[in-house]
Amino acid sequence: MSRSTLEQWRMFRAVVEHGGFAQAAEAIHKSQSSINHAVHKLQSQLGLQLLEVVGRKAQLTDAGELMLRRAGQLIDQAEQLETIAESLSQGDEAELRVAVDEIYSQHCLAEALAQLSTEFPNTRVELVESVLSGGPERLLQGEVDLLVAGSVPPGFLGEPLIDVEFIAVSHPKHALHGAQRPLNLQDLASERQIVVRDSSTGQRVDSGWLGAEQRWTVSHVATSIAMIKRGMGFAWLPVTRIGDDLARGSLRELPLERGSRRRVSLFITYADSDKAGPATCRLGELLVAQTKISNEFD
């Protein structure tokens, strides 16, 4: 059993922070005698002198300095526990699980999560970055509370969030740009296409033209982008992830006869909008707001 209490450590810290027993009593609204008794009892229980009075001011001993540092950590952790308990009692989620398709803007996602962390500092977030049907699969399995994906699973109601444009691109010096004419499917068939694997563990979905004789499959959009920028092939990539590369010229749109651009709609879907907690609802609002801001600047 602990020989000391949090209240004793709080009073001890108050004496140090405010420079004496009388000042601490006034600051924390306790009687001077109760603070004096608590601190002296603490020292007696520990068998350790924490304070020494010099003139009219209480000063820390060497041992007191060490114990004050440790006590401060203990008090802070206790206050954090109380804050978390208060948050949970008000209905805030202990954990928020969200799946977001990798084609969604990383900037918008980061901004929304940063704001959420400020408003709900005690809610733990588990983020799954999914591809194609991977996110909807998790929603169907009850593994996420909020979903941003290109499809809405059966039995759920989703709201349109944004249309993401995909562009067929390659490195500016790739052989496909040497034809000096519009490209057709035969031109693409002889080159390597980089595609991103559906993150679903069940029935997977292919997206985009897959007629290249050489097809490399990767798990993440970022990997595909890195490979294309090294001249290793071509791919249809989302503007949300390659806008800066196109502007800088490190990636270049392929001059296809047709089909060089296509659009994919993303939807935001709640696992249960009626039972969604305040943090889940707020993240949904922030994602919508950040998407609108991003569209205004595009």
Side-chain angles (χ1 to χ4, degrees), residues 98-110 127-138 147-151 161-267 291 294 298:
V98 56
V100 179
D101 196 290
E102 288 196 6
I103 69 174
Y104 182 67
S105 166
Q106 288 187 312
H107 172 75
C108 290
L109 178 60
L127 171 65
V128 175
E129 295 172 282
S130 60
V131 177
L132 293 171
S133 56
E137 178 186 72
R138 286 179 175 270
L147 169 69
V148 174
S151 63
L161 182 62
I162 188 176
D163 286 343
V164 178
E165 187 172 45
F166 279 69
I167 302 179
V169 297
S170 69
H171 187 279
K173 295 184 179 180
H174 191 279
L176 286 170
H177 287 293
Q180 301 298 316
R181 59 173 173 78
L183 303 174
N184 54 38
L185 293 183
Q186 278 101 359
D187 295 318
L188 298 182
S190 60
E191 299 294 337
R192 181 185 297 119
Q193 181 181 4
I194 310 297
V195 297
V196 182
R197 179 185 295 108
D198 189 334
S199 61
S200 169
T201 57
Q203 185 174 359
R204 292 174 173 170
V205 175
D206 289 330
S207 179
W209 185 78
L210 301 170
E213 294 177 6
Q214 297 185 60
R215 187 171 80 235
W216 286 16
T217 304
V218 298
S219 297
H220 301 284
V221 173
T223 307
S224 177
I225 294 172
M227 295 171 71
I228 300 301
K229 289 170 69 174
R230 285 170 172 77
M232 298 173 64
F234 71 93
W236 273 265
L237 294 172
V239 173
T240 50
R241 300 292 296 271
I242 62 169
D244 291 341
D245 291 312
L246 287 170
R248 287 192 297 263
S250 52
L251 289 177
R252 183 179 171 189
E253 182 175 0
L254 291 172
L256 303 186
E257 290 179 343
R258 60 184 62 87
S260 65
R261 297 191 175 210
R262 58 186 174 86
R263 287 183 175 271
V264 172
S265 296
L266 287 180
F267 301 84
T291 301
S294 177
D298 288 344

Between Gly231 and His171, the two heavy atoms sitting closest are CA-CB, 3.7 Å
Heavy-atom nearest pair, Ser170 first then Phe234, reads CB-CB, 4.1 Å
Using the side chain to side chain contact (heavy atoms under 4.5 Å, CB included) rule, take His177 and Leu254 through it: C-alpha gap first, then chi angles, then the decisive distance, then the call.
CA-CA 7 Å; His177 287 293; Leu254 291 172; 3.7 Å; yes
Find the distance between CD1 (Ile225) and CG (Leu237) and round it off to the nearest 0.5 Å.
5.5 Å
Does Leu127 form a side chain to side chain contact (heavy atoms under 4.5 Å, CB included) with Leu109? I'd like the steps, not just the answer.
CA-CA 10 Å; Leu127 171 65; Leu109 178 60; 4.0 Å; yes
Of all heavy-atom pairs linking Leu246 and Leu251, the shortest is CD2-O, 3.6 Å
Looking only at heavy atoms, which two atoms of Pro136 and Ser151 are closest? And how far apart?
CG-OG, 3.4 Å
Any chance you could measure Leu256, atom CG, to Trp236, atom CH2, to the nearest 0.5 Å?
5.5 Å
Side chains of Ser265 and Asp163: any donor to acceptor distance under 3.5 Å?
yes
Kindly determine whether Glu253 and Arg261 satisfy side chain to side chain contact (heavy atoms under 4.5 Å, CB included), including the steps that lead there.
CA-CA 9 Å; Glu253 182 175 0; Arg261 297 191 175 210; 2.8 Å; yes
Flag yes if more than 12 heavy atoms outside Arg248 fall under 6.0 Å of its CZ atom; otherwise flag no.
yes
Would you check if the side chain of Glu137 reaches a backbone N or O of Ser200 as a donor-acceptor pair within less than 3.5 Å?
no
So, does His174 use its side chain to make a donor-acceptor pair with the main chain of Leu176 at under 3.5 Å?
yes
Taking the side chain as every heavy atom from C-beta outward, state whether Leu188 and Gln193 have any pair of such atoms under 4.5 Å apart.
no
Would you indicate whether the side-chain heavy atoms of Tyr104 and Glu129 approach each other to under 4.5 Å?
no
Quick one: does Asp198's side chain have a donor or acceptor within less than 3.5 Å of a partner on Leu132's backbone?
no
Could you tell me the separation between the OG1 atom of Thr240 and the CG atom of Asp101, rounded to the nearest 0.5 Å?
9.0 Å
Mind listing the closest non-hydrogen atom pair of Arg252 and Pro172 along with its distance?
NH1-O, 3.9 Å
Contact summary for Ile194 and Met232, nearest pair of heavy atoms
CD1-O, 4.2 Å
Do Arg241 side-chain atoms and Glu102 backbone N/O form a donor-acceptor pair below 3.5 Å?
yes
Kindly determine whether Arg138 and Leu147 satisfy side chain to side chain contact (heavy atoms under 4.5 Å, CB included), including the steps that lead there.
CA-CA 9 Å; Arg138 286 179 175 270; Leu147 169 69; over 6 Å; no
Output yes when a side-chain donor or acceptor of Ser260 lies under 3.5 Å from a complementary backbone atom of Pro255, and no otherwise.
no
What's the spacing between Glu165 CD and Ile103 CD1 if we round to 0.5 Å?
11.5 Å
What is the distance from atom OG of Ser199 to atom NE2 of His220, rounded to the nearest 0.5 Å?
9.0 Å
As an exercise, state the distance from OG1 of Thr291 to CD1 of Ile162, rounded to the nearest 0.5 Å.
5.5 Å
If you look only at pairs with a residue in residues 221-235, which of them pass as a side chain to side chain donor-acceptor pair (under 3.5 Å), with sequence neighbours excluded?
Lys229-Asp245
